[in-house]
Every structure is written in C-alpha cells, then in structure tokens.
K.L.:
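Sharing a structure here in structure tokens format.
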Number of protein chains: 2
Amino acid sequence: MTRGQDDPRQRLISTAADLLRRRGLSSTSIRELSKCAKAPLGSTYHYFPGGKPQLIGEAVTHTGQHIGKLLAQALAAGPVAGIEAFLANWRSILIESEFKAGCPVIAVAADDSSGEGEGLPLAAAAAALQDWERLIAQSLTGTGMAEADASATATLIIAAVEGAILLCRAAQSITPFDKVSRLLILQLRQHAGR
Amino acid sequence: MTRGQDDPRQRLISTAADLLRRRGLSSTSIRELSKCAKAPLGSTYHYFPGGKPQLIGEAVTHTGQHIGKLLAQALAAGPVAGIEAFLANWRSILIESEFKAGCPVIAVAADDSSGEGEGLPLAAAAAALQDWERLIAQSLTGTGMAEADASATATLIIAAVEGAILLCRAAQSITPFDKVSRLLILQLRQHAGR
DNA sequence: GTCTATACGAAGATAGAC
DNA sequence: GTCTATCTTCGTATAGAC
C-alpha cells in the first residue's frame, strides 16, 4: 500500500489538481488530464471507476489536506506566523504561474455545475475550506480571542485570500494579493497580538 | 435605438449573466443560453457575431456596470452605508438562489480557460472589479483616509465579499457571508467613522 | 431579420483486445 | 492490469430556407 511518486494514481491526482487550478472544473477534461499525466484514458477509469467526480473529488481533498498540513505546522509558531506562511504559499503559486493558477478548491466552488446530487467535488471543497477555517480559528482562540470572533476572523481570512487570488487572475497582477495581505496581517497583529 | 426589456439582445445578455452565476463560464453553453432566453440559436449568433466570447464579455460588462451603479448611489450616503448596500445586494442573491448563484464577474475570473489571446471576458471582469474598487476607494478617501489605505481597504472588501460568496456556494449556507459581513462593517466603522 | 438543420470536433464513459 | 477503439451526447459555429 506504500505509494511512490511514480504511482500513476497519485500522478493523476496531482495532475488533476494542477489543471483545476489553471483551467477550472468544466474546462478540465479527463482526456487532457490523462494525457498530461501520461496515463492512457482506460487507466484513468481503472483507477477512478467513479469517473470525473471521483477523480476531481480526490484531487480537491488531497490539496485540502496538503494545505491543511502546511497551515497546521506554520500555526504552531502562532497565528500571525501561520497566516504569513499561508499567504506566502499562495503568493508563490500565483507568481510562479504568472497569475494563471488559482486554488483548486475554489475552482470547484466557483464552477460547481453539479445540479443537486453528485456534489462530491463540491462537498470535498467545503470540507477543505472548513478544515482550514477550524485550524486558523483554533490558533486564534489560543491567543485569547473569543470563539465567535476567532471563527469569523478565520472565515474572513480565507474568503479574502481566495477572493484576492481571483482578483489577481483577473488583473494579471500580484497587486491585489499584496494589498490584501498587508491589511490582513496588520489587523491580525492588532487583534491577536504577537 | 431605444431598447425595451423585450429586446431579444438584452434578454440574451441577462440570461448569460444568470447562467454565468449559476453554472460558471465553461458550463454555460450558447445552446442552453439561447433556449433559456427563448431565442433560436441562429439569432444569438446574429446578435453576437463574435460568438461566446462577445456575449459573455457583454454580460460581464453589463453586470459590472449595474452593480457599479448601485454601489455609486449607495456610497453617496457614506462608505459604510454604501458597503452595507453592496453586501445586502449579494446576500439577497445568495439567499434567493439557495446559494447556487454567485457573481458572474468572479465566475469568469475563476474559470478563465482562455489561453492568452481572446481574453475578452477576462478583461471585462478585470474592468468591472477595478471599477468597483475605484468607487469604494474614492468614498473612503472622502472620509479622510489616506489614498493607499483606501485603495487597499477597497480591494480587501471586494476580495472578501467575492471569496465569501464562493464559501457560501461550497457550504450551501449563508453563514460564511454573514461572518465576513459583520467583521467588514465593524472594521469599517472603526477606520472610516460615520 | 428569424429560425431550422447540420457540420465538425470534443466531451464522458465503456468494451474488449492484449 | 494496460491500453486502443468506439459509442453517445453535447459543445461552438454556420449555411441557407423562409
């Protein structure tokens, strides 16, 4: 059950996350995805019998857990340090992709297209966002902030960061992200100390 | 050149904006759009010879100007009142659509899919966002806030609101939006007075 | 000017050879 | 278990009848 980075299944998940970032949900096709991951189309359906919803869902969950892990580690040094690391991570993704890559989780949230049932990818996105919120809120309460304020602040941070990422995609510039980052950190220092 | 609300062209634009909100860019097809607007497919291409990019671009621009107008009117009573109206507008869209509708502008920003050229819809989205930011920033400087701070605050507000809309779509709940709204208004009152 | 019928490609998904 | 060929549906876009 150990899974190296050459595992085709893992490669498909990573590729899915990458295409999700750049193209969005509906524009990411299983065909192109398979080609990019150097896997034949049949293999993709072999590993993911649930088809596109399953593969996308797992990609979103994987990304959510990856970011969550980074966040948890960085938050160990306090909320401000944690958020700064969170911001730095997204910033480098934007810069390195020349503002073409966003966040796979938010790509699913924006694109949706799932009518009512089959909301597997959307549910995965909601879980990831809630996980991040919980981590940040816990860190804030640790510095003495009231729970309701901590929860709201955590939600604001995530909303602002994800929104800023989209603004950067539209403007093809890092400026919106940097403006938002500066204010968030400033406010965080005032309220959470440290 | 006067154009009633029964103008098929105008109806196509409104329908495009609505589908964009609910389904996202790539999932919105000209076929379905035409059907919803009760216009034959050929008519759609008659009115929009530029095809999907032109129609989507005009829908985004139209929405941007509509929201911009509302924003400008509401901001006349001061920045806090203006932002409150901005928030109330998005909130009712979320509620009435049961969290299925978002913002057409952000749908385009998230979905993109346009490689390099043909960025017409994306350019329209960027213009709308920049317009809103300018309106809010101007209102803030009117209360004595420094220009750099006003600009950054305006960007934060737009990023947070758009991000919160996506969080609501993911969570199928208004809670994220209300959390973010409360904090934004709170901070705004502190910094901008009134 | 309005609309129907159609061309052509690409999507998700599967069957079945190896 | 891996991969090719194919089914069906839907996408954008257009031709040409009324």
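Everything quoted here is computed from the prediction, not taken from an experiment.
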K.L.:
Rounded to the nearest angstrom, tell me the gap between atom CD1 in A:Ile56 and atom P in C:dA13.
P.N.:
11 Å
K.L.:
Could you label the plane-to-plane angle of the B:His62 and B:His66 rings as parallel, tilted or perpendicular, counting under 30° as parallel and over 60° as perpendicular?
P.N.:
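Plane angle under 30°, so parallel.
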K.L.:
Of the non-hydrogen atoms in B:Ala160 and B:Leu184, which two are nearest, and what is the gap between them?
P.N.:
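In terms of heavy atoms, the two residues are closest at CB-CD1, 4.1 Å.
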K.L.:
Can you list the other members of the hydrophobic cluster that holds B:Leu70, where links are side-chain heavy atoms under 4.5 angstrom apart?
P.N.:
none
K.L.:
Scan A:Thr28 against the nucleic acid and name what it touches under 4.0 Å (heavy atoms): base, sugar-phosphate only, or nothing.
P.N.:
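Touches sugar-phosphate only.
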K.L.:
Using the 3.5 Å cut-off, write out each protein N or O paired with an N or O of nucleotides 1-7 of chain C and the distance between them.
P.N.:
residue : atom : partner : partner atom : Å
C:dT2   : OP2  : B:Tyr47 : OH           : 3.1

K.L.:
Between B:Asp18 and B:Arg11, is there a side-chain N and carboxylate O pair less than 4.0 Å apart?
P.N.:
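Judged by the 4.0 Å cut-off on N to carboxylate O distance, B:Asp18 and B:Arg11 do not form a salt bridge.
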K.L.:
Side chains of A:Thr155 and A:Glu133 only: does a donor on one sit below 3.5 Å from an acceptor on the other?
P.N.:
yes
K.L.:
Which whole-number value in Å describes the distance from A:Ile30 CD1 to D:dG11 C1'?
P.N.:
17 Å
K.L.:
Taking atom types as modelled, is there a side-chain donor on B:Asp111 or A:Ser27 under 3.5 Å from an acceptor on the other?
P.N.:
yes
K.L.:
Could you tell me how far apart A:Lys52 (NZ) and C:dA10 (C1') are, to the nearest whole angstrom?
P.N.:
12 Å
K.L.:
Taking NZ from A:Lys35 and C1' from D:dT4, how many angstroms apart are they, rounded to a whole number?
P.N.:
16 Å
K.L.:
Would you say C:dA13 has OP1 or OP2 under 4.0 Å from some side-chain N or O of A:Tyr45?
P.N.:
yes
